[in-house]
Structures are given as C-alpha cells and as structure tokens.
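Below you'll find the structure, written out as structure tokens, and then a few comments.
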Amino acid sequence: MSELGVLEETHLTFRLAPEMELEVRACACEMAKSIRMSTDKVEEVGMAVVEACINAIEHSRAADGQLHLGLAVLGSAGADEPQGLRITIQDQGVGFDCSKLVPPRIEDNLKAIRKRGWGLKIIEGLMDEVNVLSGEGGTSVVMLKAL
Amino acid sequence: MNEGLKLNVERRDGLAVIYTDGYINNQGGEEIAEAAYGLLDEGFGTLLLNLAGTKIVNSIGISILIEIIEKMIEVEGRLSFCHLTPTIEKTFHIMGLAQYASIFPDEQAAVTELQAGAS
C-alpha cells in the first residue's frame, strides 16, 4: 500500500490530555467512513488510533503538549478511487529507542506486576502496515489500512 | 468528554453478570475490578462480563481486566466475556486473552455453558 499516491490529505493538531484520544479517534473514523471503509475496519482504525494517542499521552513528555494527526487518503496515481487510509500520529516529545521494545506475552504479563505495554502490539495486529519512527525530535506512528 | 463507565450487576444461580455501558479506560477498568472483587468476596467464583454496551476499550483498561483474570486463576474462579464487538474480540485474541478467559457470542450461550460448568 505504501506505493500508492495521496488523493487527499488533512492535518489536525490536538492538545495532549486525558481522553483526547476519543476526539482523535472520531476524526480518523470519520475520514475512514467517508472513503467507504467497512464498519469493522473503521473500528479497527479507531482502536489503533486510541492506542497511538495513549502512548503519546503517557510517554512523549512533549514540551509543546501537542499531538499532530495526519490523515491521507491513498489511491493509484491518476485514479480517483480510494484504496486505503494512512494515519500519522506524531508528537515532538523525547522519543524512545524502538530496538529496546520487547513485545509483551500474556503468559508473562499475567505473572508480572506491570501488565502494560500492549499498545504497539495491538496497533500492529489491527492495521495492515505500521511504521514507528522515534528519536530526539519525537515519535511518529504511521499506520496504513487498506479498504 | 467521557461520561464514565456505567455498571450493572445481576446475581444468578452460580454466577454473576457484570454489564458495562461506556468506555473501558483506566477508570472504567478500575470500576469493573472493584465490582468483580466485591462479587468474589460474596462467593461468586464465576463471573461473566457482558460488554454489549461497550464499543471502545483501551489497553490500560484491558490491563486491569488481565489483573482480574489473574485473580480469578488464583482463586480457581472463572472470568468470561460475551457480546464483544468484532474489534474488541480481535484485540483480545491479539493479546492472547482468549487463552485465559472464554469468549461467548451472547449471554444465553455463556450462561448455559457457565452454569453447566458450575454445577
């Protein structure tokens, strides 16, 4: 899907705060519905967006306190028919080292005191393509969902 | 924005059903845990979480559900779910929760199996 062109693009900025994930989710789901994505896929987009926002709220420590949402409708060059949606959730926080992430396992999680760390695994399970870029300039989670 | 999770509890023969209505985030998860542990104290070892009224969950809320599953395993009880949206069910499978908690399509199917298992 990443080889497709951008037919339409929208950028929105939100203040990082508890439950702002519901506003971001509503925007992403609205765009997914507008390109006639199936209801189940719209819900999967919504859940992935909620998880990406929660990661930013909890871990970004962004000095500007902002989260940027990018929504791009993807399609073949020269054709008007949408073929998918690219969602980018970006913060300008402290970033993290992606190579140090250990995917959680339920059998370990059940015995652990801390039962968190599921966000990225859920996003990867629900979306068709996921790319996380993180460093000193912040974190970008780029997620693709085909129609 | 979120008006909070609303809970209802029904005590039946051999099991208790917790009905959720709203977003299961950290606050919602804590409320479910409080209700579940209260029911355990009352002697209900079989709990059914009916999520018909919940369309959105997040991983913080689910991590609290994992704590409840852990507690149920500890006391040899059982936590089950019914009426999940396809996305919530898929998420539970991605996380592996379905290995430790049964998922039923509806309450009738759940109650029939859980009451048979409890007797």
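What you see below is based on every heavy atom in this structure, not just the backbone, and it leaves out hydrogens, waters and symmetry mates. A, B, ... follow the sequence lines: proteins, then strands. Residue 1 opens every chain. In this text the structure is predicted, and so the values were computed from the model without any measurement.
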Quick check on the hydrophobic clustering: are A:Leu67 and A:Val94 connected, directly or via other members, by side-chain heavy-atom contacts under 4.5 Å? no
In Å and rounded to the nearest 0.5 Å, what is the OG to CD1 distance from B:Ser59 to A:Ile123? 8.5 Å
Region of A:Leu126 that comes under 4.5 Å of a non-hydrogen atom in chain B: both
Looking at B:Tyr23 and A:Glu21, what are the two nearest heavy atoms and their distance? OH-OE2, 2.6 Å
Hydrophobic cluster membership, A:Ile89 vs A:Leu12, 4.5 Å side-chain cutoff: yes
Taking all heavy atoms of B:Val57 and all of A:Met47, pick out the closest pair and write down the distance. O-SD, 3.5 Å
Heavy-atom neighbours of A:Glu58 CD exceed 12 at 6.0 Å: yes
Given that the side chain runs from C-beta out, which part of B:Ile94 has a heavy atom under 4.5 Å from chain A: side chain, backbone, both or neither? both
Heavy atoms from other residues, nucleotides or ligands near CZ of A:Arg61 exceed 12 (cutoff 6.0 Å): no
Is it true that atom CD of B:Gln108 has more than 12 heavy atoms of other residues, nucleotides or ligands lying nearer than 6.0 Å? no
With the 4.5 Å side-chain cut-off for hydrophobic clustering, are B:Ile73 and B:Met95 part of the same group? yes
Indicate the atoms forming the closest heavy-atom contact of B:Gly96 with A:Ile106, along with that distance. O-CG2, 3.8 Å
Taking every heavy atom of A:Ile54 against every heavy atom of B:Ile60, the minimum-distance pair comes out as CG2-CD1, 3.8 Å
Indicate if B:Ile66 and B:Tyr37 have the same hydrophobic cluster label, given that clusters are the connected sets of ILVMFWY residues with side-chain heavy-atom separations under 4.5 angstrom. yes
Could you measure the distance from the CG atom of B:Asn25 to the CD atom of A:Glu19? Nearest 0.5 Å is fine. 5.5 Å
How many angstroms lie between OG1 in B:Thr91 and CD in A:Glu51, if you round to the nearest 0.5 Å? 8.0 Å
With only heavy atoms counted, which part of A:Glu43 is less than 4.5 Å from chain B, the side chain, the backbone, both or neither? both
Verify the cluster assignment for A:Val142 and A:Val45: are they in a single hydrophobic cluster under the rule of side-chain heavy atoms below 4.5 Å apart? no
Side chain, backbone, both or neither of A:Glu124 within contact of chain B (heavy atoms, under 4.5 Å): neither
OG1 (B:Thr87) and CD1 (A:Ile122) are apart, to the nearest 0.5 Å, by 11.5 Å
Chain B contact via A:Arg105 - which portion, at a heavy-atom distance below 4.5 Å: neither
